[in-house]
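Every number for a ligand or one of its atoms is a count from 1 in the order of the listing. Quick caveat, the model's predicted, so the values are computed rather than measured. No hydrogens, no waters, no symmetry mates; every other heavy atom, side chains included, goes into these values. Sequence positions, counted from 1, serve as the residue numbers for this chain.
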Amino acid sequence: MKANLEAFRKDAIALIGEPHVLAGDDAAPYEVDFWKQYAGKAGCVLRPADTAEVAGLVRLAAKYGVAIVPQSGNTGLVNGGIPDETGHEAVLSLQRLNRIRAIDPAGDYITVEAGVILADVQKSAETADRLFPLSLGAEGSCRIGGNIATNAGGVNVLRYGMTRDLVLGLEVVLADGSILDVLKPLRKDNTGYDLKQLFIGSEGTLGIITAATLRLVAPARERVTLWLTVDTPEAAVELFRHSRGVFGDLISSFELVSSYGVEAACTHLPGVRRPVADPHPWHVLIELAWTFTSGLRERAEAVIAMLFEEERVTDGMMAENEAQRQMMWRIREGQSEATSKIGYVVRSDVTVAIVDIPKLIARCDAFTVAYGPEVTVLPFGHIGDGNLHMNFVVPREKAKELAPKLFDQLFAEVDALNGSISAEHGVGRAKRDAIVPRKPAAAMAMMGKLKSVLDPQGILNPDVVVATALKNKPVA
Ligand SMILES: Cc1cc2nc3c(=O)[nH]c(=O)nc-3n(C[C@H](O)[C@H](O)[C@H](O)COP(=O)(O)OP(=O)(O)OC[C@H]3O[C@@H](n4cnc5c(N)ncnc54)[C@H](O)[C@@H]3O)c2cc1C
């Protein structure tokens, strides 16, 4: 069917009202991603208020053959939530679907609409004396629909799993405008295929998530945050192995930051200071939490004393108060922001077996030697999950030339270690072509079949995850 954008816009205005169908300057914030790496052009931006309006808009899109790009918080990092550059795609923003529908601390669940900001889901859970454990640097901006559509990870995966592990039910508008309601808050429901799983991590290509029932967990009433230093990535991995043996599931985060990254944060982020007196080659941030109000700190102190005695760490401190804890997390989460003051940051998100993390870092150090001082390797991230954000800081004027080469070399090393080129950020358009030779042919074929069954017209986020022609180009 030939796209008929003008007729679509007219009918969309009749359905949701003119103020909620944006164009021109009003559409601009929806056309560029958070880090301004990618830019596109929207035919229009739709801001429906509820599930019925989303369904009505999708029916119109199917009628007129207009492609829809779902967008929630627009913090995605793989060029999946903004339109391509043709001006033919309509962005469908979920931001007005922002109601908390239900919260039940006995059933340990919360039901929220797709446009609720992640930090607001966390706050609502707190008011019911529960924890919603999904936590990431973008939590003040990203929205739960986007988190589910990308199967987001973050800093608590080690203990609570990915977003997929936190979703009990979904409400989804399908490509024909019908509504799939599998929102029930049930822990057990073995009545055939678990359909919600299809949409988690599907990045807007199979349906539009309008609401979700999410699992809540016991609150973290006492938290201990440790900043420890080690000499090598091998020592960090050994510290992880040892700490898991001692603390088990009480560890919610285990993060690695390099010396370069820590010093960049202290230099370029206002008010940030290194938690330990001297520079060290590698820094580890560990967070422990439990439901009791006291006792964890004393236990952690005893373990830290042993860590020093056994020379497993070279220096370290325990956060004495919330301000110190925030400072530690600011260093970790401010890595991209701080280093972007130094140069252009070529961002990546890869995963290998935890024991292979030191090898991956060493191999990236080795292949970047050939570039001389122009390329600095900046590895940091969730090493407790085997997930590194292996970034490279390069001169801005060289970004377009260097980024593809660095990705190729990094991905080759990840392949050699049998890892994955996307740990938690997804595929989008940015990695769409790169996954093809890396996934089994049967898996790619099945993904294509699912797409054609659930979206036969190809109106839901075409070009993302499984399509063919790459249209958007990084702005760099
Ligand atoms: C500073 C910063 C830190 C980050 N840290 C992490 C991290 O630690 N871990 C991590 O996993 N990610 C991280 N991210 C990436 C990003 O925050 C996540 O991918 C997040 O889940 C995206 O949510 P969003 O609401 O912004 O989605 P958007 O960017 O709006 O959309 C992302 C994708 O989902 C689709 N989509 C959005 N809403 C829906 C919907 N309702 N139905 C169907 N499809 C939809 C879009 O089409 C797009 O393909 C970070 C990003 C930033 C900027």
Asker: Among all residues two or more places apart in sequence or in another chain, which pass the ring pair (Phe, Tyr, Trp, His ring centres under 6.0 Å) test with Tyr260?
Answerer: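 Expected list: none.
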Asker: Among Leu402, Val345, Ile342, Thr376, find the one that has a side chain to side chain contact (heavy atoms under 4.5 Å, CB included) with Val394.
Answerer: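 Result: among Leu402, Val345, Ile342, Thr376, Leu402 is the only option passing the side chain to side chain contact (heavy atoms under 4.5 Å, CB included) with Val394.
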Asker: Charged N to carboxylate O under 4.0 angstrom, Asp194 versus Lys196?
Answerer: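 Yes.
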Asker: Step by step, would you call Arg274 with Glu263 a salt bridge (charged side-chain N to carboxylate O under 4.0 Å, His left out)?
Answerer: CA-CA 8 Å; Arg274 196 189 313 112; Glu263 300 312 314; 2.9 Å; yes
Asker: Show me, by chain and number, every protein residue that has a heavy-atom distance under 4.0 Å to ligand 1.
Answerer: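 Phe34, Trp35, Pro70, Gln71, Ser72, Gly73, Asn74, Thr75, Gly76, Leu77, Gly80, Gly81, Leu94, Ala114, Leu136, Gly137, Ala138, Cys142, Arg143, Gly145, Gly146, Asn147, Ala149, Thr150, Ala152, Gly153, Gly154, Glu203, Gly204, Gly207, Ile208, Ile209, His382, Glu424, His425, Asn461.
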Asker: Indicate whether any N or O donor in one side chain lies under 3.5 Å from an N or O acceptor in the other, for Glu424 and His389.
Answerer: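 Yes, side-chain donor-acceptor contact under 3.5 Å.
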Asker: Taking the inter-plane angle between the rings of Phe8 and Tyr64 on a 0 to 90° scale, is it parallel (under 30°), tilted (30 to 60°) or perpendicular (over 60°)?
Answerer: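 Perpendicular, since the angle between the ring planes exceeds 60°.
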